[in-house]
Peer 1: 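What follows is a single structure, and I will ask about it in a moment.
Along the sequence shown, residues are numbered consecutively beginning with 1. Just so it is clear, the values below take in all heavy atoms, side chains as well, and ignore hydrogens, waters and symmetry mates. None of the values given here were measured: they were computed from a predicted structure.
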Amino acid sequence: MNFFGKECVENNLKITPQRTEIYKELLKAKDHPSADIMYKRVRKNLPNISFDTVYRTLMSFSEIGIADIVEGYGDPKRFDPDIRKHHHLRCIKCGNIIDFRCELYDDIEIPEEIKKEFDVTKKRVIFEGICRKCKSK
Ligand SMILES: [Zn+2]
Ligand SMILES: [Zn+2]
């Protein structure tokens, strides 16, 4: 939470009880929640908050770099509190996004022809498939 306060101050984002609560809830999340899911969770402690506030807050978190928007493939935007290097397993059945770490992929080499066409700002490996829960159904 110190990190949150510091980043907010540095980026001129006012620290409000609502923002603090939303960030706390996002930090707890291991499932890369959508704004909709975040809204449901945050409402338990802040019953009067609007979906719009939750959505805009998550967007400003991503703007100042304390959260990530991750690949959604046309689904609603999904948010990730973990801004360290990591990679994703994405279940094509339930849409679950699971984190994994692999140093080898962190340093993945960008092919020259891509470098010419495209400025890569982030490298993430995504495996798609069927998660354990869906497989056992
Ligand atoms: Zn699944
Ligand atoms: Zn992640």
Peer 1: Please name the residue in the list His87, Lys85, His86 that meets the side chain to side chain donor-acceptor pair (under 3.5 Å) test with Asp106.
Peer 2: His87

Peer 1: Linking I/L/V/M/F/W/Y whenever any side-chain heavy atoms sit under 4.5 Å apart, do Ile83 and Val9 land together?
Peer 2: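 Yes.
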
Peer 1: According to a 4.5 Å side-chain heavy-atom criterion applied to Ile, Leu, Val, Met, Phe, Trp and Tyr, with indirect links allowed, do Ile69 and Leu58 form part of one hydrophobic cluster?
Peer 2: yes

Peer 1: Could you check Asn45 against Lys24 for side-chain contact (heavy atoms from CB on, under 4.5 Å), going step by step and ending with a plain yes or no?
Peer 2: CA-CA 11 Å; Asn45 287 327; Lys24 261 195 221 163; over 6 Å; no

Peer 1: Spell out, yes or no, whether Met59 and Ile66 are grouped together once hydrophobic residues are joined by side-chain heavy atoms under 4.5 Å, including indirect joins.
Peer 2: yes

Peer 1: Mark yes when over 12 heavy atoms from residues, nucleotides or ligands other than Glu10 sit less than 6.0 Å from its CD; otherwise mark no.
Peer 2: yes

Peer 1: Are a donor atom and an acceptor atom from the side chains of Asp99 and His88 found within less than 3.5 Å of each other?
Peer 2: yes

Peer 1: Would Arg43 pass as a cation-pi partner of Tyr39, given that its NZ or CZ must be under 6.0 Å from the six-membered ring centre and within 45 degrees of the axis?
Peer 2: yes

Peer 1: Is there side-chain contact between Lys133 and Cys94, with at least one heavy-atom pair below 4.5 Å?
Peer 2: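 Side-chain contact under 4.5 Å: no.
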
Peer 1: Might you point out which heavy atoms bring Pro81 and Ala29 nearest each other, and give the distance in Å?
Peer 2: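 Smallest heavy-atom distance, with atoms named: CG-O, 3.7 Å.
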
Peer 1: Output, in order, the C-alpha distance, side-chain angles, deciding distance and verdict of side-chain contact (heavy atoms from CB on, under 4.5 Å) for Phe79 and Asp68.
Peer 2: CA-CA 6 Å; Phe79 296 89; Asp68 256 344; over 6 Å; no

Peer 1: Could you go through the side-chain contact (heavy atoms from CB on, under 4.5 Å) check for Cys131 and Ile98 one step at a time?
Peer 2: CA-CA 9 Å; Cys131 77; Ile98 303 155; 4.3 Å; yes

Peer 1: Passes side-chain contact (heavy atoms from CB on, under 4.5 Å), Arg19 versus Leu13? Steps please.
Peer 2: CA-CA 9 Å; Arg19 283 181 181 148; Leu13 191 70; 3.6 Å; yes

Peer 1: Could you check whether the rings of Tyr23 and Phe4 sit parallel, tilted or perpendicular, using 30° and 60° as the cut-offs?
Peer 2: parallel

Peer 1: Nearest heavy-atom pair of Arg90 and Ile97: which atoms, and what distance?
Peer 2: CG-CG1, 4.3 Å

Peer 1: I'd like to check the side-chain contact (heavy atoms from CB on, under 4.5 Å) partners of Ile110; sequence neighbours left out, ordered by chain and number.
Peer 2: Ile114, Lys115, Val120, Lys123

Peer 1: Are Val125 and Val70 connected, step by step, through hydrophobic side chains (Ile, Leu, Val, Met, Phe, Trp, Tyr) whose heavy atoms are closer than 4.5 Å?
Peer 2: no

Peer 1: Is it true that Ile49 and Met38 fall in one hydrophobic cluster, defined by side-chain heavy atoms closer than 4.5 Å?
Peer 2: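 Ile49 and Met38: one cluster.
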
Peer 1: Determine whether a donor-acceptor pair (N or O, by modelled atom type, separation under 3.5 Å) exists between the side chain of Arg78 and the backbone of Asp31.
Peer 2: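 It does hold such a pair.
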
Peer 1: What's the spacing between Phe100 CZ and Tyr105 OH if we round to 0.5 Å?
Peer 2: 5.5 Å

Peer 1: What's the separation between atom CD1 in Ile108 and atom CD in Glu103, rounded to the nearest 0.5 Å?
Peer 2: 14.0 Å

Peer 1: Name all residues meeting the salt bridge (Lys or Arg N to Asp or Glu O under 4.0 Å) criterion together with Arg101; count only those two or more places apart in sequence or in a different chain, and write none if there are none.
Peer 2: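 For Arg101 the salt bridge (Lys or Arg N to Asp or Glu O under 4.0 Å) partners, ignoring immediate neighbours, are Asp82.
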
Peer 1: What distance do Leu46 atom CG and Ile22 atom CD1 have between them, rounded to the nearest 0.5 Å?
Peer 2: 7.0 Å

Peer 1: More than 12 non-hydrogen atoms from neighbouring residues, nucleotides or ligands closer than 6.0 Å to CG on Asp107, yes or no?
Peer 2: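 Yes - once you tally the heavy atoms of other residues, nucleotides and ligands closer than 6.0 Å, there are more than 12.
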
Peer 1: Which value, rounded to the nearest 0.5 Å, describes the distance between Ser34 atom OG and Tyr55 atom OH?
Peer 2: 11.0 Å

Peer 1: Once you round to the nearest 0.5 Å, how far does CD of Glu7 lie from CD1 of Ile15?
Peer 2: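 So the CD of Glu7 and the CD1 of Ile15 are separated by 10.5 Å.
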
Peer 1: Any chance you could lay out the salt bridge (charged side-chain N to carboxylate O under 4.0 Å, His left out) test for Glu113 and Lys116, step after step, and finish with the verdict?
Peer 2: CA-CA 5 Å; Glu113 63 264 37; Lys116 266 186 243 157; over 6 Å; no

Peer 1: How would you list all residue pairs meeting salt bridge (charged side-chain N to carboxylate O under 4.0 Å, His left out) that involve residues 45-57, not counting sequence neighbours?
Peer 2: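 Of all non-adjacent pairs touching residues 45-57, those that pass salt bridge (charged side-chain N to carboxylate O under 4.0 Å, His left out) are Asp52-Arg56.
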
